[in-house]
Amino acid sequence: LVTIFACVSWQRNVLLTQIARWLVVETEPVKSDVIVVLRGDLNYYRALEAAYLFKERYAECIFVSTELIDENKKRLKQFGVEIPSEQERLESILIQLGIPKEKVLLGHREPGGGTVGEARRIKSMMLENKFNKGIVVTNWWHTRRTKKIYKKIFEDTNIRIYVVVAKSDKSNPSNWWKYRYESIRVTEEFPKL
């Protein structure tokens, strides 16, 4: 038992890297109708990648779905304090990165439902706009689940979805355990899958 524990400890980095690599399922970006910034990125890496892809002419617009219900914002509003919503922050970031305001599409549907609910809202938006291809930007650890969900949600359409990793993410499969919040997110992905 001590020998097994010693071997596992010695190979810990290799094991943790291999476990995390399994989560990564990325496609190369393809010229599309829209770039979608998935919600839930506290460091805004997804917005940075979407702006980069837009500037590289992968699509003519960027979509930011409805913000999650922000209980803190609602509570502060009761005291007369207004703060920007997450959707407003993402829009501001994109505009400050040089994306024209008219090229940033904002969702207005009822929020909720996590990644599945967001996929359904994005499907509705794409059908309404007659978009055939979309690039969905998310963090590396979220790609396998995202691709699985979008494949299921979009299976009854001819819409193609390309899941792309936000490249500026500070963590990656070979160092994720060194970052507290990234460690939490990576380990949460397995039960969510």
With a 4.5 Å cut-off on side-chain heavy-atom distances among I, L, V, M, F, W and Y, is there a chain of contacts connecting I159 to I153? yes
Report, as yes or no, whether the 6.0 Å neighbourhood of atom CD on E60 holds more than 12 heavy atoms from other residues, nucleotides or ligands. no
Run the side chain to side chain contact (heavy atoms under 4.5 Å, CB included) test on I122 and F154 for me, step by step, so that the C-alpha distance in whole Å, both residues' side-chain angles and the decisive distance to 0.1 Å come before the verdict. CA-CA 10 Å; I122 290 163; F154 283 81; 4.2 Å; yes
Same cluster (ILVMFWY, side-chain, under 4.5 Å), W22 and V25: no
Residue K152 excluded, over 12 heavy atoms near NZ under 6.0 Å: no
Should L105 and V64 count as side-chain neighbours, where that means a heavy-atom distance under 4.5 Å? no
Measure from the side-chain N and O atoms of N129 to the backbone N and O of F131, and report whether any donor-acceptor pair falls under 3.5 Å. no
Report the residues that fulfil side chain to side chain contact (heavy atoms under 4.5 Å, CB included) with R145, sequence neighbours left out, ordered by chain and then residue number. T115, H142, I149, E189, K192, L193
How about K147 and I161: do any of their side-chain heavy atoms sit closer than 4.5 Å? no
Does the side chain of F54 come within less than 4.5 Å of P100's, by heavy atoms? yes
Can you check whether E49 reaches S168 side chain to side chain, under 4.5 Å on heavy atoms? no
Look at the side-chain heavy atoms of Ile, Leu, Val, Met, Phe, Trp and Tyr, link any pair under 4.5 Å apart, and say whether L127 and Y150 land in one connected group. yes
Assess whether atom NZ of K77 is packed by more than 12 heavy atoms of other residues, nucleotides or ligands within 6.0 Å. no
Quick one: which of W141, W176, W140 gives a side-chain hydrogen bond (donor to acceptor under 3.5 Å, both in side chains) with E182? W141
Full working for salt bridge (Lys or Arg N to Asp or Glu O under 4.0 Å) between E26 and K167: CA-CA 11 Å; E26 180 182 21; K167 305 288 190 288; 2.8 Å; yes
Between E118 (side chain) and S65 (backbone), is there a donor-acceptor pair under 3.5 Å? no
Answer yes or no: does atom OH of Y52 have more than 12 heavy-atom neighbours from other residues, nucleotides or ligands under 6.0 Å? no
Calculate, to the nearest 0.5 Å, the distance between atoms CZ and CD1 belonging to F190 and I19 respectively. 6.0 Å
Got a salt bridge between K123 and D156, using NZ or NE/NH1/NH2 to carboxylate O under 4.0 Å? yes
Rounded distance (nearest 0.5 Å) linking atom CD of Q18 with atom CG of N13: 11.5 Å
Would a 4.5 Å heavy-atom cut-off, applied to side chains only, mark K178 and N175 as touching? yes
Apply side chain to side chain contact (heavy atoms under 4.5 Å, CB included) to I135 and L53, showing your working. CA-CA 9 Å; I135 298 170; L53 292 169; 3.9 Å; yes
Looking at side-chain heavy atoms only, is the closest gap between P173 and V24 below 4.5 Å? yes
Using only atom types and a distance under 3.5 Å, with no angle test, would you say the side chain of R89 pairs donor to acceptor with the backbone of P84? yes
As an exercise, state the distance from SG of C61 to CG of D33, rounded to the nearest 0.5 Å. 7.5 Å
Is the closest side-chain heavy-atom distance between R39 and L90 below 4.5 Å? yes
Within one Ile-Leu-Val-Met-Phe-Trp-Tyr cluster: I35 and F63, side-chain cutoff 4.5 Å: no
Would you check, one step at a time, whether the test side chain to side chain donor-acceptor pair (under 3.5 Å) holds for Q96 with S92? CA-CA 6 Å; Q96 289 179 58; S92 175; 2.7 Å; yes
Sorted by chain and number, sequence neighbours left out, side-chain hydrogen bond (donor to acceptor under 3.5 Å, both in side chains) with K130 holds for none
Side chains of T138 and R46: is there a donor and an acceptor less than 3.5 Å apart? yes
Verify side chain to side chain contact (heavy atoms under 4.5 Å, CB included) between L97 and L48, making sure each step is shown before the conclusion. CA-CA 8 Å; L97 289 169; L48 293 170; 3.7 Å; yes
Pairwise side-chain contact, V37 with I62, heavy-atom cut-off 4.5 Å (strictly under): yes
Looking at E28, I want to see if its CD is surrounded by more than 12 non-hydrogen atoms of other residues, nucleotides or ligands under 6.0 Å. no
Is Y58 reachable from L94 through a run of hydrophobic residues whose side-chain heavy atoms are each under 4.5 Å from the next? yes
Looking at L106, is its backbone amide N or carbonyl O close enough to the side chain of E91 to form a donor-acceptor pair, meaning the two atoms are under 3.5 Å apart? no
Do R185 and N139 pass the side chain to side chain donor-acceptor pair (under 3.5 Å) test, and can you show the C-alpha distance, the side-chain angles, and the key distance before you say yes or no? CA-CA 10 Å; R185 291 186 159 219; N139 298 79; 5.2 Å; no
Take a 6.0 Å sphere around NZ of K151 and say whether it holds more than 12 heavy atoms from other residues, nucleotides or ligands. no
